[in-house]
Amino acid sequence: MKTKLAGMSLLLLALAPGAEAARAWLLPSQTVLARSGGWVTVDAAMADDLFSFNQGALPVDALIVTAPDGQPVAGQNIAKGKTRSSFDLELRQPGTYRVAVADDVVMARWEEAGKPKRWRGTPAEMATGIPATAEKLELQQMQRRIETFVSVGPPSALADGGAGLELVPTTHPNDLYAGETAKFRFLLDGKPAKDLEVEIIAGGTRYRDAPDEMLLRTDQDGLISVKWPAAGMYWVDASIEDENATVPKVKKRRASYNGTFEVLTQ
């Protein structure tokens, strides 16, 4: 239970608006396989350093893996340690697997008899999780997507979900090469996320004095173009706060996106 609470505390910190949050990520052991029938292991963690396991495990209760045919695939050998969670995926089909931890929850804080209270749960749990007598009640919807992609053979097309903040590949995420330029589109509730700041950081920050991040901004169509400076694993981060929550009685919303992409040598 202590491990679960510690992980939840880190998760809440990562989701807290304006906080110096740890970076959350999924890291696959491979992103491209030649033949079906193989396996990959995915690590899930939160840490300032990319991609080191030095702060806390990312819970994978909200794991969603979508196979190339659009059907769900279950993670196997799921484990949670102090600094990382992990799971295996058997890749039986050719094409691209979308691997994500995605959820849509409400966070609340209020006062009872002068004492601060906090709660986090699904919209359906609000009626039982938040007392009707809550004073100074503040509510915020949190839509989160953390994902990566694995392809067997040639990459296949990917569909968007139409809710929250999403990255829709124009350049396929398993077809990235050093020195080339990739294009990605960001959508918010299925519409172009205009003027959105996107941060891209190469892995290995533990061994650099500065993160050397690339800061990009989406255009009117939600598009960014990024020229990859070198091969390696990259972390993509974007978030937005607005007052367009989709949960009744909730006004504020924070939608976030984190992706892990591998850039290969030419």
Side-chain angles (χ1 to χ4, degrees), residues 1-26 42 44-47 55-66 72 74-75 78-87 98-147 160-166 187-190 237-259:
M1 179 61 76
K2 289 182 178 178
T3 301
K4 182 177 182 179
L5 291 175
M8 183 62 73
S9 297
L10 277 170
L11 180 60
L12 292 175
L13 177 61
L15 295 176
E20 292 297 329
R23 297 171 176 126
W25 35 265
L26 297 175
V42 181
M46 293 178 288
Q55 287 202 21
L58 176 71
V60 294
D61 302 333
L63 176 66
I64 302 171
V65 181
T66 306
I78 296 175
K80 185 168 183 284
K82 287 286 188 180
T83 61
R84 66 171 176 168
S85 301
S86 66
F87 55 90
R98 190 168 209 150
V99 185
V101 171
D103 53 22
D104 190 343
V105 301
V106 173
M107 295 180 66
R109 60 182 180 184
W110 67 92
E111 289 186 1
E112 283 184 24
K115 295 183 179 180
K117 300 289 183 179
R118 292 180 182 271
W119 176 86
R120 177 182 184 274
T122 66
E125 296 169 336
M126 287 177 60
T128 55
I130 303 173
T133 55
E135 299 176 351
K136 300 180 181 179
L137 176 64
E138 296 182 20
L139 300 170
Q140 185 173 27
Q141 182 181 11
M142 310 291 288
Q143 295 175 313
R144 176 187 64 154
R145 171 170 287 274
I146 303 165
E147 68 180 3
D160 58 275
L165 188 61
E166 301 174 279
L187 301 179
L188 181 63
D189 299 334
D237 172 68
S239 64
I240 189 168
E241 295 186 33
D242 60 22
E243 295 189 352
N244 297 320
T246 59
V247 180
K249 300 181 181 179
V250 182
K251 293 183 178 179
K252 296 182 178 179
R253 171 176 68 167
R254 184 174 192 271
S256 64
Y257 177 89
N258 296 127

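Just so you know, these numbers use all the heavy atoms, side chains as well, and skip hydrogens, waters and symmetry mates.
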Exercise for the section: List in chain and number order the residues that pass side-chain contact (heavy atoms from CB on, under 4.5 Å) with P123, two or more places apart in sequence or in another chain; answer none if no residue qualifies. Expected result: V106, V247
Handout entry: Closest heavy-atom pair and its distance - A238, L165
Key = O-CD2, 3.7 Å
Handout entry: Main-chain N/O of A163 paired with D189 side-chain donor or acceptor, under 3.5 Å
Key = no
Fill in the blank from the handout: Between the CZ atom in R118 and the CE atom in M107, the distance rounded to the nearest 0.5 Å is 7.0 Å
Completion exercise
Looking only at heavy atoms, the pair that brings T83 and A45 closest together is O-CB, 3.6 Å
Fill in the blank from the handout: Note: F87 and G75 closest approach over all heavy atoms is CD1-CA, 4.5 Å
Completion exercise
For G129 and W110, the nearest pair of non-hydrogen atoms, with its separation, is O-CH2, 3.9 Å
Problem - Spacing of CD1 belonging to I146 relative to CD1 belonging to I64, to within rounding of 0.5 Å - result: 11.5 Å
Handout entry: Side chain to side chain, L63 and V99, heavy atoms closer than 4.5 Å
Key = yes
Problem - Side chain to side chain, L58 and L26, heavy atoms closer than 4.5 Å - result: yes
Practice task
Go through the structure and list residues passing side-chain contact (heavy atoms from CB on, under 4.5 Å) with A79, not counting sequence neighbours.
Solution key: S86
Exercise for the section: Would you please name every residue forming a side-chain contact (heavy atoms from CB on, under 4.5 Å) with R98, sequence neighbours left out? Expected result: T66, R145, E147, F149, L158
Problem - Separation between CZ of R253 and CD of E243, rounded to the nearest 0.5 Å - result: 11.0 Å
Handout entry: Contacts of E166 that satisfy side chain to side chain donor-acceptor pair (under 3.5 Å) - sequence neighbours left out
Key = none
Practice task
Supply the atom-to-atom distance R144 CZ to N258 CG, rounded to the nearest 0.5 angstrom.
Solution key: 9.0 Å
Handout entry: Ion pair check, E138 and R109, cut-off under 4.0 Å
Key = yes
Problem - Pairing residues for D104 by the side chain to side chain donor-acceptor pair (under 3.5 Å) criterion, not counting sequence neighbours - result: Q141, Q143
Practice task
May I ask you to decide if S239's main-chain N or O and S256's side chain share a donor-acceptor pair within less than 3.5 Å?
Solution key: no
Problem - Sequence neighbours excluded, every pair satisfying salt bridge (Lys or Arg N to Asp or Glu O under 4.0 Å) that has a member inside residues 121-137 - result: E111-K136
Practice task
Considering non-hydrogen atoms only, spot the tightest contact between Y257 and G259 and give its length.
Solution key: CE2-N, 3.5 Å
Handout entry: Where Q55 and A22 come nearest, the two heavy atoms and their spacing
Key = OE1-CB, 3.5 Å
Problem - Heavy-atom side-chain contact between L188 and D242 under 4.5 Å - result: yes
